[in-house]
Novice: 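Encoded as structure tokens, here's the structure I'll be asking about.
Just so it is clear, the structure is predicted and the values come from calculations on it, not from any experiment.
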Amino acid sequence: MEMELSKYHDPGKNKELIAAILNDPKPLAETTRETLELFHSVKHSKPLPFHSNYRKSWMERLWALTGKKHSTVDPYHYSITVAGGEAVPEWKSGLDREYANLERSFQRIVNVESFGAVGDGVTDSTEAFRNAIGSGQVDVFVPSGIFIVRKIDLPSWTRLRGAGKGATVIRLHDEAPKKQRLVTNRNYVKGNHHISVENLSLDWNVERLGNIENTSAGLNHSSCLTYAHLTYGWVKNVAAYNPGLHCFDISSPTYNYGGDGIRARGGSRYIWLDRASGYGFGDDGITTHHSDYIFISNSHFCDPSGRSHQKGFSNSNGIEIDDGSRFVWLSNNSTARCFGGLEIKAHATSSAATGVFISGHLSVHDNRSFNFRHIGHHKAEDPDSLSAYNIAAQYLVSVAPVFADMYAGSSPRALVVSGFRNVAINRFRFIGDPHYDYANQPAAAIQYKAANVSLTNGTFSGFRTASADISIAGGKQPALHVKAANIQCLSSAKKSVSVGKGNSTAIVEQIKADL
């Protein structure tokens with residue numbers, strides 16, 4: 001299948017593209033019920049033995065003093081619902097009411113040009129934005145033009161909106177330091193609430209730094225838009241490009257590396273990003289850290305620079321659900337030419353993302369379309385993850401994963417599940433390039449201590465040079481209690497399903513191969 005998604009791709013078309021590729025007649029509501037049933041069947045399966053020999057370093061113990069305990073349990077038990085032909089979290093209706101409260105809060109509706117802002121791409125308009133925004137309870141309109149600022153801090157009860165992506169551009173000043181965030185909420189200590197950014201483009205202006213090796217300044221600095229310690233936030237129809245680190249970071253004021261089972265304080269809650277897009281990012285397009293109840297929909301990210309990493313070790317993902325994130329919903333997003341299209345993960349010294357539901361994702365030419373892992377909790381000698389639990393996914397599409405020199409030595413794959421438990425993936429289509437050399441590697445790998453995994457109702461095609469369409473690991477770090485069922489393999493790999501030596505827990509049934 002020939003497909004290209006450029007940086008100008010309209011993510012509003014993702015839903016139709018995914019539906020056309022899958023060609024699945026089952027209604028969304030029925031599929032969603034089916035997916036949740038499959039997820040609960042693996043979640044409630046026989047508990048597995050837990051092995052941990054984890055010993056924290058003195059640095060992790062120091063970090064842990066500033067954090068709090070990570071739990072995999074949603075205290076509100078929110079599920080997914082179908083509304084307007086889209087799978088959305090149950091809490092979204094409450095967030096919609098909070099948006100109405102935001103609009104009712106406005107005491108002023110202002111135009112930044114009335115305060116002296118000039119959209120000529122030259123004039124420093126920082127002071128004009130500051131005066132227009134004031135202390136909040138304001139709807140700030142930014143007309144067409146390129147507006148230069150040194151930073152924008154948004155207080156509670158504020159909406160910043162433009163005339164549309166590409167029409168209104170807010171660009172970081174040439175003299176801004178590398179650590180600068182372009183747009184963020186104002187108070188990281190007390191936190192903020194009710195902030196929305198809409199209908200504009202954010203240019204971090206990485207060119208101002210010249211040809212430096214590392215474009216980011218560490219932690220959650222150097223991004224286009226950062227929400228940290230924010231409750232009730234929106235990003236609607238916003239493009240972000242060329243940040244030193246991330247296009248969008250939904251975060252806590254600082255990250256936390258206190259070890260698995262610990263997460264940062266001050267995370268954000270109830271955030272919706274819709275029709276967000278970006279490219280040229282030093283690390284990730286969208287990333288989330290130590291925050292709860294996030295909804296990402298109809299968004300597109302592609303073509304990272306990878307320049308926040310050492311050359312050849314760039315884990316630059318289109319969308320990344322990272323350390324300490326909990327209860328994240330994703331619907332009808334797309335990625336292209338990233339290392340990972342959608343990555344759900346954590347670093348070894350942090351808690352993994354927990355409780356993620358995906359309904360529709362189109363990955364085109366990403367190195368690893370869907371990559372679910374907890375680093376440092378994979379191998380036989382590693383401790384089992386305390387936090388890498390609970391992923392339910394449907395309507396996943398991978399088109400021609402390919403090698404990316406951003407991450408040297410990483411084999412292209414449609415799917416990798418490592419270290420996560422309770423994972424259900426339902427109704428997917430993974431399409432390889434029949435002319436590409438997959439170097440006798442598997443197209444999808446369930447591996448490295450993954451457990452309680454269901455892979456059902458899917459199709460593989462075109463992975464002609466792969467060793468297997470699905471590889472289920474055995475050996476010293478096996479994937480346990482993996483079920484692959486009702487899978488079609490059409491003109492694809494040498495083996496449909498390969499089960500590793502000594503793995504007696506895998507269930508493989510209803511595999512239809514057409515070589």
Side-chain angles (χ1 to χ4, degrees), residues 42 47-57 60 70 72 257-263 309 312-317 320-325 339-356 366-391 393 401 407-425 441-455 467-468 470-482 484 498-506:
V42 297
L48 295 166
F50 179 78
H51 302 286
S52 180
N53 55 358
Y54 190 65
R55 297 292 182 269
K56 291 185 179 181
S57 68
E60 289 172 84
H70 177 94
T72 63
Y257 299 103
D260 188 18
I262 299 294
R263 67 198 302 253
H309 301 272
F313 294 91
S314 181
N315 183 42
S316 290
N317 305 299
E320 178 184 79
I321 313 303
D322 204 356
D323 300 336
S325 301
F339 167 68
L342 171 59
E343 180 163 83
I344 303 171
K345 86 168 215 305
H347 297 88
T349 55
S350 191
S351 296
T354 295
V356 180
D366 295 316
N367 180 261
R368 295 203 164 175
S369 299
F370 305 100
N371 199 16
F372 308 154
R373 59 183 179 144
H374 193 175
I375 299 167
H377 300 268
H378 294 163
K379 298 179 181 178
E381 62 271 21
D382 292 339
D384 292 355
S385 175
L386 295 167
S387 50
Y389 284 84
N390 303 339
I391 299 172
Y407 208 117
S410 178
S411 56
R413 293 183 183 172
L415 171 70
V416 176
V417 181
S418 300
F420 264 88
R421 300 183 178 196
N422 305 344
V423 179
I425 299 171
Q441 294 289 319
I446 315 301
Q447 62 185 20
Y448 292 160
K449 303 205 299 187
N452 298 350
V453 178
S454 172
L455 192 62
S467 61
I470 303 172
S471 172
I472 303 172
K476 294 182 179 180
Q477 52 257 342
L480 298 177
H481 301 295
V482 178
S498 173
V499 179
K501 184 177 179 180
N503 190 334
S504 61
T505 67

Novice: For residues Thr505 and Leu480, report the shortest heavy-atom separation together with the two atoms involved.
Specialist: OG1-CA, 3.4 Å

Novice: Please test Asp384 against Arg421 for salt bridge (charged side-chain N to carboxylate O under 4.0 Å, His left out), starting from the C-alpha separation and ending with a verdict.
Specialist: CA-CA 10 Å; Asp384 292 355; Arg421 300 183 178 196; 2.9 Å; yes

Novice: Counting distance only, does the side-chain N/O of Asn503 pair as donor-acceptor with the main-chain N or O of Pro478 below 3.5 Å?
Specialist: no

Novice: Using every non-hydrogen atom in the two residues, find where Ala352 and His374 come nearest and quote the distance to one decimal.
Specialist: CB-ND1, 3.7 Å

Novice: Output yes when a side-chain donor or acceptor of Lys56 lies under 3.5 Å from a complementary backbone atom of Gly258, and no otherwise.
Specialist: yes

Novice: With side chains defined as the heavy atoms from C-beta onward, is the minimum distance between Phe370 and Ile391 less than 4.5 Å?
Specialist: no

Novice: Work out which heavy atom in Gln447 is nearest to a heavy atom in Ala445; give both atom names and the distance.
Specialist: OE1-CB, 3.5 Å

Novice: Mind listing the closest non-hydrogen atom pair of Pro383 and Gly376 along with its distance?
Specialist: CD-O, 4.0 Å

Novice: Using only atom types and a distance under 3.5 Å, with no angle test, would you say the side chain of Arg368 pairs donor to acceptor with the backbone of Pro401?
Specialist: no

Novice: Take atom OH in Tyr448; do more than 12 heavy atoms of anything else shown fall under 6.0 Å from it?
Specialist: no

Novice: If you compare all heavy atoms of Val499 against all heavy atoms of Ala506, which two are closest, and at what distance to 0.1 Å?
Specialist: CG1-CB, 4.0 Å

Novice: To check you understand the geometry: which heavy-atom pair defines the closest contact between Ser410 and Asn367, and what is its length?
Specialist: OG-OD1, 3.1 Å

Novice: May I ask you to decide if Ser387's main-chain N or O and Thr72's side chain share a donor-acceptor pair within less than 3.5 Å?
Specialist: no

Novice: For the NZ atom of Lys379 and the NZ atom of Lys449, what is their distance to the nearest 0.5 Å?
Specialist: 11.5 Å

Novice: For the residue pair Leu415 and Phe372, establish whether any side-chain heavy-atom pair is separated by less than 4.5 Å.
Specialist: yes

Novice: Check whether any side-chain heavy atom of Ser350 lies under 4.5 Å from a side-chain heavy atom of Arg263, and answer yes or no.
Specialist: no

Novice: Side chains of His377 and Ser385 only: does a donor on one sit below 3.5 Å from an acceptor on the other?
Specialist: no

Novice: Applying ring-ring contact (aromatic ring centres under 6.0 Å, His included), can you list everything that pairs with His309, at least two apart in sequence or on another chain?
Specialist: none

Novice: Taking only distance into account, with no hydrogens and no angle test, what donor-acceptor pairs under 3.5 Å do side-chain atoms of residues 340-349 form with protein atoms, sequence neighbours excluded?
Specialist:
from	atom 1	to	atom 2	distance (Å)
Glu343	OE1	Asn315	ND2	3.0
Glu343	OE1	Asn317	ND2	3.0
Glu343	OE2	Asn371	ND2	2.8
Glu343	OE2	Arg373	NE	2.9
Glu343	OE2	Arg373	NH2	3.2
Lys345	NZ	Glu320	OE2	3.1
Lys345	NZ	Asp322	OD1	3.1
Lys345	NZ	Asp322	OD2	3.0
His347	ND1	Asp323	OD1	3.3
His347	ND1	Asp323	OD2	2.9

